[in-house]
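Structure record follows, encoded as structure tokens.
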Amino acid sequence: MNEIRFWYSTTERTLHVLHIKSQTKKKITSPKKIQKFLDVYGLSLQDCVGVFEAWDKLRLFSRHRFFGWRAV
């Protein structure tokens with residue numbers, strides 16, 4: 001699995017996800033997708049105001065994506 005960093009921007013209402021190795025960044029703007037992402041990691045939006053580092057459980061930066069999500 002790949003390591004990622006993620007945080008929620010309250011001003012943009014966007015969840016930013018950064019792939020550490022390649023420095024590729026994805027933005028998740030859909031409230032439903034943000035909630036699914038947070039459910040997988042067991043976090044709330046208030047928790048994500050800071051930067052978190054974790055494994056890419058949803059495989060957002062893999063050829064075989066979990067939900068079939070694409071970069072926004």
Check: Asp56 side chain, Phe61 main-chain N or O, donor-acceptor pair, under 3.5 Å: yes
4.5 Å side-chain heavy-atom contact, Gln35 and Asp39: yes
Flag, side chain of Tyr41 to backbone of Lys57, donor-acceptor distance under 3.5 Å: yes
ILVMFWY cluster, Ile28 and Val40 together (side-chain gap under 4.5 Å): yes
Between CD1 on residue Ile4 and NZ on residue Lys21, distance to nearest 0.5 Å: 15.5 Å
Test item: Thr24 and Leu18 side chains (from C-beta on) under 4.5 Å apart, heavy atoms: no
Any donor-acceptor N/O pair, Lys27 side chain to Leu15 backbone, under 3.5 Å: no
side-chain contact (heavy atoms from CB on, under 4.5 Å) between Ile34 and Tyr8, worked out: CA-CA 9 Å; Ile34 290 173; Tyr8 183 73; 4.1 Å; yes
Any donor-acceptor N/O pair, Thr14 side chain to Glu12 backbone, under 3.5 Å: yes
side-chain contact (heavy atoms from CB on, under 4.5 Å) between Val17 and Phe52, intermediate numbers included: CA-CA 10 Å; Val17 184; Phe52 280 84; over 6 Å; no
Derivation and outcome, side-chain contact (heavy atoms from CB on, under 4.5 Å), residues Phe6 and His16: CA-CA 5 Å; Phe6 58 92; His16 298 269; over 6 Å; no
Glu53 versus Arg5, closest heavy-atom pair with distance: OE1-NE, 3.0 Å
Asn2 and Trp55: CA distance, side-chain angles, deciding distance, side-chain contact (heavy atoms from CB on, under 4.5 Å) verdict: CA-CA 6 Å; Asn2 298 314; Trp55 294 106; 5.8 Å; no
Over all atoms of both residues, closest heavy-atom pair of Leu43 and Cys48: CD1-SG, 3.9 Å
